[in-house]
Amino acid sequence: QVQLVESGGGLVQAGGSLRLSCAASGLTFSSYYMGWFRQAPGKEREFVAAINRSDGTTYYTTSVKGRFTISRDNAKNTVYLQMNSLKPEDTAVYYCAAGQTILVVTLKRDYNYWGQGTQVTVSS
């Protein structure tokens, strides 16, 4: 049974930092692209960042480039999202996702497994 478990969310002031973690089990972690998505109240779930399974190539949505960093530790079956210079508009539930065959990293349908999400709240 595949499980993705996020942690590290919380309440932070604007300009602060948080590091999200997603621990994976039940799959061959190194064979999967890993992504982070987020969903704010009343909005669609949107792509934030992804990292490929082979050479560590990373992808980011424009609004987080230069502020967020995705990384993975295949030995620990864990993917991270370091979030710096947080803004109130970053407030959302953040979801970890795993996909084995990714055609377009920003598309939710290309990901096979999802975590339960972790809340990130940025106060102004």
Side-chain angles (χ1 to χ4, degrees):
Q1 180 181 357
V2 174
Q3 282 194 311
L4 302 177
V5 180
E6 301 98 334
S7 61
L11 173 64
V12 64
Q13 288 189 329
S17 298
L18 283 174
R19 188 195 196 202
L20 305 184
S21 300
C22 171
S25 60
L27 52 72
T28 304
F29 184 75
S30 60
S31 298
Y32 282 78
Y33 280 75
M34 298 301 296
W36 287 96
F37 288 73
R38 66 187 179 187
Q39 187 167 16
K43 295 189 176 182
E44 293 286 323
R45 191 172 300 188
E46 64 174 2
F47 170 78
V48 177
I51 186 167
N52 78 0
R53 58 189 174 193
S54 54
D55 61 6
T57 299
T58 56
Y59 312 84
Y60 298 94
T61 191
T62 301
S63 63
V64 308
K65 281 182 181 177
R67 300 189 298 123
F68 290 11
T69 303
I70 187 171
S71 61
R72 65 190 297 161
D73 185 337
N74 286 345
K76 295 183 177 179
N77 287 3
T78 301
V79 62
Y80 305 97
L81 186 68
Q82 177 67 45
M83 305 186 296
N84 299 329
S85 302
L86 282 160
K87 304 176 181 180
E89 52 263 43
D90 295 318
T91 295
V93 177
Y94 283 70
Y95 297 90
C96 170
Q100 196 163 31
T101 304
I102 299 289
L103 298 180
V104 180
V105 294
T106 58
L107 293 182
K108 296 186 292 291
R109 67 170 184 243
D110 280 2
Y111 293 83
N112 309 106
Y113 304 106
W114 293 83
Q116 82 289 348
T118 185
Q119 177 70 47
V120 171
T121 303
V122 185
S123 63
S124 57

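- The side-chain contact (heavy atoms from CB on, under 4.5 Å) search around Ser30 returns Thr28, Asn74, not counting sequence neighbours.
- Note: Phe47 and Tyr59 fail the aromatic proximity criterion, with ring centroids not under 6.0 Å apart.
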Worked check of side-chain contact (heavy atoms from CB on, under 4.5 Å) between Cys96 and Trp114: CA-CA 6 Å; Cys96 170; Trp114 293 83; over 6 Å; no
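- Follow the hydrophobic side-chain contacts under 4.5 Å out from Tyr80 and you never reach Tyr113; the two are in separate clusters.
- Taking both residues in full, the closest heavy atoms of Ala40 and Ala92 are given as N-CB, 3.8 Å, listed atom of the first, atom of the second, then distance.
- Contact check for Arg67 versus Tyr60: no side-chain heavy atoms found under the 4.5 Å cut-off.
- For Ser17 against Ser85, the heavy-atom pair with the smallest separation is OG-N, 4.3 Å.
- The distance from the SG atom of Cys22 to the CZ atom of Phe29 is 7.0 Å, given to the nearest 0.5 Å.
- Put simply, the side chain of Ile70 reaches to within 4.5 Å of the side chain of Val79, judged on heavy atoms.
- Taking Phe68 as the reference, nothing meets the ring pair (Phe, Tyr, Trp, His ring centres under 6.0 Å) condition, with sequence neighbours excluded.
- Summarising the geometry, atom NZ belonging to Lys87 is positioned 14.0 Å from atom OG belonging to Ser124; distances are rounded to the nearest 0.5 Å.
- Using a distance-only test at 3.5 Å, with no hydrogens or angles considered, no donor-acceptor pair links the side chain of Glu6 to the main chain of Thr118.
- Following chains of ILVMFWY side-chain contacts shorter than 4.5 Å, one can reach Val2 starting from Ile51, so the two form part of one hydrophobic cluster.
- Although no hydrogens or angles enter the test, the distance criterion places a donor-acceptor pair under 3.5 Å between the side chain of Asn52 and the main chain of Thr57.
- Using a 4.5 Å heavy-atom threshold, the side chains of Thr61 and Thr106 count as separate.
- Placement of Leu27 and Trp36 within a single hydrophobic cluster is found when ILVMFWY residues are connected by side-chain heavy-atom separations under 4.5 Å, directly or transitively.
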Between Arg38 and Thr91, does the side-chain contact (heavy atoms from CB on, under 4.5 Å) criterion hold? Intermediate values first, please. CA-CA 9 Å; Arg38 66 187 179 187; Thr91 295; over 6 Å; no
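- The ring-ring contact (aromatic ring centres under 6.0 Å, His included) test with Tyr111 is passed by exactly one of Phe37, Tyr32, Tyr95, Tyr33: Phe37.
- In the hydrophobic clustering of this structure, Val64 groups with Leu86; members are Ile, Leu, Val, Met, Phe, Trp, Tyr whose side-chain heavy atoms approach within less than 4.5 Å, directly or through other members.
- Using modelled atom types, no side-chain atom of Arg19 and backbone atom of Gly8 make a donor-acceptor pair closer than 3.5 Å.
- Side-chain N or O atoms of Asp110 include none that pairs as donor or acceptor with a backbone N or O of Gly99 at under 3.5 Å.
- Note on Val12: it clusters hydrophobically with Leu81, by side-chain heavy-atom contacts below 4.5 Å among ILVMFWY residues.
- Listed by chain and number, the residues in a side-chain contact (heavy atoms from CB on, under 4.5 Å) with Val120 are Leu18, Leu20, Met83, Tyr94, Val122 (sequence neighbours excluded).
- Atoms CD1 and CG, on Ile102 and Leu107 in that order, are 8.5 Å from each other to the nearest 0.5 Å.
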